[in-house]
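First the structure, in the form of structure tokens, and then the observations on it.
Quick note on labels: first sequence line is chain A, next is B, and so on, each numbered from 1.
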Amino acid sequence: MLVTPAQLSAQLLVIVIDALERRGAVDAEVTIDDVKLDRPRNRDHGDWASNIAMKLARSVATNPRELALELAESIQAIDGIASVDVAGPGFINITLDAAAAGAVAKTIVEQGPAFGNGTLYDGVKINLEFVSANPTGPIHLGGVRWAAVGDSLARIFTAEGGLVTREYYFNDHGGQIDRFARSLLASYLGEPTPEDGYGGQYIADIADRVVTAYDAGELTRLDRADQQEVFRSIGVDLMFGDIKKSLHDFGVDFDVYFHENSLHEQGAVEAAIARLRELGHIFEADGATWLRTTEFGDDKDRVVIKSDGEASYISGDLAYYLNKRERGFERNIIMLGADHHGYVQRLMAMTAAFHDVPYVNLEVLIGQMVNLVKDGTPQRMSKRAGTVVVLEDLVDAVGRDAARYALVRSSSDSQLDIDLDLFTKRTNDNPVFYVQYAHARTHSVARNAADSGVDRSVFDASLLTHETESVLLGVLAEFPRVVRQAAELREPHRVARYAEELAGAYHRWYDNCRVTPLGDEPVSDVHRTRLWLNDATGTVLRNALGLLGVSAPERM
RNA sequence: GCGCCCGUAGCUCAGCGGAUAGAGCAAUUGACUACGGAUCAAUAGGCCGGGGGUUCAAAUCCCUCCGGGCGCACCA
């Protein structure tokens with residue numbers, strides 16, 4: 001028999017509703033969220049705790065402790081509950097009996113990779129657009145953060161049943177590409193970097209590769225404009241290939257690489273504007289064509305066709321959004337850097353203009369900047385100056401797992417300072433190794449167990465009575481909820497922090513409870529049952545690391 | 001001026017309105033003739049930026065001020 005926090009909550013809900021009805025408080029509404037159980041920090045407060053009595057006391061005109069005592073009596077009757085206490089101002093503290101608490105270990109081993117999965121987004125088509133760095137240079141640290149976070153989020157949504165498409169929007173249209181092409185051409189001709197162009201060694205490298213790929217002799221016979229076109233088309237392709245490769249090496253692969261240019265070429269931009277015109281949100285002024293975004297809360301209206309007849313940047317996004325909707329995505333999530341947060345409002349206005357629901361059909365996640373710090377002072381990162389710390393540098397310095405983990409273990413709402421020296425020097429201090437080591441240890445223990453003749457032929461959860469065992473079991477049981485919360489809040493860092501907590505609980509258990517017998521001690525059911533617990537921990541650590549895109553080595 | 005994010009231990013950061021605010025690193029001290037010491041145990045370190053408010057309960061929600069970052073284009 002297994003008692004999960006979710007089951008317990010469901011039963012508690014029935015008890016609470018029953019109690020309210022008995023008191024005649026029919027108008028008090030209680031949902032499953034209200035009876036969510038907490039895992040108390042202090043073990044003296046039981047395995048699970050509820051604050052429901054304090055929340056409801058007012059609505060039934062009683063004091064919290066009295067209500068808590070009444071509820072506690074009913075809770076006591078639930079199968080698998082060892083004891084129920086009312087403490088403090090009205091907390092209900094629930095302690096499971098060892099068998100009920102321990103059963104989760106067996107469940108985890110049996111479910112394997114599926115343990116932790118949920119149904120939050122069952123069958124929902126989700127489009128996750130991230131990185132989308134311009135093909136004018138390598139991916140810098142800010143983009144790397146989104147690569148790590150976005151890919152992890154995709155994994156988490158998938159675990160919750162979502163049908164996720166990872167998408168990269170490739171801005172291969174507009175003035176920046178011209179600047180890129182002119183920069184390549186200047187490098188080729190030995191001219192200084194154009195005023196508004198891109199500098200750095202990579203420009204020279206790409207220019208050389210373009211020359212190789214095209215035909216050096218042929219190139220000299222072209223006029224300047226044609227030469228620039230050669231550098232544009234081949235240069236962008238090469239740059240884009242490099243970006244794809246470095247992302248792939250980082251463990252991030254996209255399902256769709258969407259070219260902005262294709263929208264312009266296929267008339268999708270005109271179609272999107274025509275659609276908005278039908279809906280009555282387009283007007284002409286000052287020789288330009290505008291979208292009346294102020295109607296939907298934007299600060300000012302936005303130009304979609306400039307007075308020179310060119311489409312503005314946002315018009316590409318109009319067409320792109322419509323395209324995503326036509327491909328059937330109910331939820332479209334775009335991840336942007338903090339330097340683009342001013343763009344959010346007009347995207348939401350656009351969503352509303354299409355008669356869609358802002359923040360539901362379209363959602364924009366803003367990630368704060370990543371700063372590179374050296375000797376305590378922030379280093380300027382600039383693609384144009386060529387002083388970029390790029391994805392490859394980071395991976396070369398600390399390795400893929402450590403890099404991904406470091407970028408994903410903090411909230412995206414916080415700015416991240418990365419001291420590369422520190423980061424490089426203290427590789428072993430990265431908590432990822434603490435977690436990976438715990439995972440490797442579970443396998444080491446399992447190997448030793450096999451050698452000692454300990455197998456999983458018996459599982460008796462009532463034998464898991466050590467304090468470190470009940471703590472470990474509690475942490476294990478919480479994993480599905482952590483995954484769900486990470487999905488709801490779009491916060492993969494919660495999974496990372498959870499993994500650290502689990503690793504800690506495991507190490508402490510390891511220190512106190514042996515799986516293999518010592519010396520001549522015979523193999524007993526305690527050893528066999530502990531092997532289940534050991535293997536369950538390994539499974540959850542692997543699953544958690546998997547959601548972060550970090551490997552779970554069996555040996556280190 | 002307006003908007004978004006942040007301010008928690010010496011440092012880097014967690015903390016879903018709950019009980020004595022946590023982890024890692026750094027500091028000090030211990031633990032292998034016991035499944036891997038990339039570990040564990042312990043000590044020390046905090047007016048959770050300041051001030052109001054809401055609440056039985058605030059690091060968490062609201063207001064305000066201070067500090068830091070980033071934005072406010074017919075650029076992309």
Side-chain angles (χ1 to χ4, degrees), chain A residues 33 36 38 40-42 44-45 49 51 54-55 57-58 63-64 87-91 93 134 136 171 173-177 179 196 260 285-290 299-300 302-308 310-314 316 337-345 366-369 371 373 376 378 406 409-419 422-423 426-431 433-434 436-438 440-441 444-449 451-452 454 481-482 485 488-489 491 493-494 496-498 500-501 503-504 506-508 510-519 527 530 534 555-556:
Chain A
D33 287 332
K36 204 178 59 172
D38 294 313
R41 202 161 276 286
N42 187 336
D44 297 337
H45 296 148
N51 59 11
M54 290 177 289
K55 279 184 175 171
R58 170 168 289 192
N63 78 63
F91 290 102
N93 295 331
N134 295 334
T136 54
N171 295 141
H173 184 90
Q176 57 174 347
I177 295 296
R179 287 201 295 274
D196 56 354
E260 181 185 2
D286 305 328
T289 303
W290 300 69
D299 299 331
K300 50 171 299 201
R302 304 294 169 177
V303 169
V304 291
I305 305 287
K306 295 185 275 184
S307 49
D308 65 2
E310 288 289 312
S312 72
Y313 181 75
I314 195 176
D339 52 343
H340 288 92
H341 78 259
Y343 202 63
V344 175
Q345 210 166 23
I366 297 297
Q368 297 301 311
M369 302 309 228
N371 298 310
V373 178
R409 82 180 283 265
S410 299
S411 162
S412 303
D413 285 340
S414 300
Q415 290 180 38
L416 202 56
D417 286 340
I418 289 187
D419 186 328
L422 221 68
F423 213 82
R426 303 190 191 166
T427 329
N428 287 345
D429 294 340
N430 189 320
F433 295 107
Y434 182 77
Q436 286 184 320
Y437 181 62
R441 186 173 250 184
S444 164
V445 167
R447 287 190 294 268
N448 292 330
D451 292 345
S452 311
V454 178
R481 197 162 68 168
V482 170
Q485 196 175 32
E488 279 175 329
L489 301 174
E491 291 185 345
H493 77 271
R494 288 172 185 277
R497 299 298 175 145
Y498 169 81
E500 291 170 30
E501 189 188 353
Y506 175 75
H507 285 310
R508 284 185 282 278
Y510 170 91
D511 234 48
N512 284 280
C513 301
R514 291 189 57 93
V515 172
T516 56
L518 198 56
H527 300 121
R530 281 177 177 168
N534 177 77
R555 286 189 169 85
M556 291 175 72

If you compare every side-chain N and O of [X] against the phosphate oxygens of [N] (OP1, OP2), does one of them come in below 4.0 Å?
| X | N | value |
| --- | --- | --- |
| A:Tyr510 | B:G37 | yes |
| A:Ser414 | B:U12 | no |
| A:Lys36 | B:G17 | no |
| A:Asn512 | B:C40 | no |
| A:His493 | B:G15 | yes |
| A:Ser312 | B:C74 | no |

Excluding sequence neighbours, so at least two apart, what forms side chain to side chain contact (heavy atoms under 4.5 Å, CB included) with [X]?
| X | value |
| --- | --- |
| A:Asp511 | none |
| A:Gln345 | A:Asp298, A:Asp299 |
| A:His173 | A:Glu260, A:Asn261, A:His264 |

Which residues share a ring-ring contact (aromatic ring centres under 6.0 Å, His included) with A:Tyr437, sequence neighbours left out: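 Result, ring-ring contact (aromatic ring centres under 6.0 Å, His included) vs A:Tyr437: A:His507.
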
Can you build the contact string for nucleotides 29-34 of chain B? Use B for base contact, S for sugar-phosphate-only contact, and - for no protein heavy atom under 4.0 Å. -----B

Value rounded to 0.5 Å, distance of CD1 in A:Ile305 from CH2 in A:Trp290: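 Between atom CD1 of A:Ile305 and atom CH2 of A:Trp290 there are 13.0 Å.
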
Taking side chain as C-beta onward, heavy atoms only, is A:Tyr313 less than 4.5 Å from A:Asn171?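 Touching, per the 4.5 Å side-chain cut-off.
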
All N/O pairs under 3.5 Å across the protein-nucleotides 19-24 of chain B interface:
{"unit_1": "B:A19", "atom_1": "N6", "unit_2": "A:Asn93", "atom_2": "OD1", "d": "2.8"}
{"unit_1": "B:A19", "atom_1": "N1", "unit_2": "A:Asn93", "atom_2": "OD1", "d": "3.2"}
{"unit_1": "B:A19", "atom_1": "N1", "unit_2": "A:Asn93", "atom_2": "ND2", "d": "3.2"}
{"unit_1": "B:U20", "atom_1": "O4", "unit_2": "A:Asn42", "atom_2": "ND2", "d": "3.3"}

Round to the nearest Å and state the distance from A:Asn534 atom CG to B:G36 atom C1'.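 Checked: the CG to C1' distance equals 13 Å.
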
Separation of B:C74 P from A:Asp286 CG (nearest whole Å):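 Value for this atom pair: 10 Å.
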
Taking salt bridge (Lys or Arg N to Asp or Glu O under 4.0 Å) as the definition, give me every residue that meets it alongside [X], ordered by chain and number, with sequence neighbours left out.
| X | result |
| --- | --- |
| A:Glu310 | none |
| A:Arg481 | A:Glu478 |
| A:Arg497 | none |
| A:Arg514 | none |

Under the side-chain hydrogen bond (donor to acceptor under 3.5 Å, both in side chains) test, residues paired with A:Glu491 that sit two or more places apart: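 Testing A:Glu491 for side-chain hydrogen bond (donor to acceptor under 3.5 Å, both in side chains), a comparison that skips the adjacent residues, returns A:Arg494.
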
Can you tell me which stems RNA chain B forms, taking runs of 3 or more consecutive Watson-Crick or G-U pairs with both distances under 3.5 Å?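 Ordered by first number, the stems with RNA chain B (at least 3 consecutive pairs each) read B:1-7 with B:66-72, B:10-13 with B:22-25, B:27-31 with B:39-43, B:49-53 with B:61-65.
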
Which part of the nucleic acid, if any, lies within contact of A:Ser452, taking any heavy atom under 4.0 Å across all strands shown: a base, the sugar-phosphate backbone alone, or nothing?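 No contact at all - A:Ser452 keeps every heavy atom at 4.0 Å or more from the nucleic acid.
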
Over all strands shown, is A:Arg494 touching base, sugar-phosphate only, or nothing at heavy-atom distances under 4.0 angstrom?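 It contacts sugar-phosphate atoms only.
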
A:Trp290 side chain: which of B:C74, B:A76, B:C70 is closest?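 It is B:C74.
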
Is any side-chain N or O of A:Ser410 under 3.5 Å from a base N or O of B:C13, one able to act as donor and the other as acceptor?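 There is none.
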
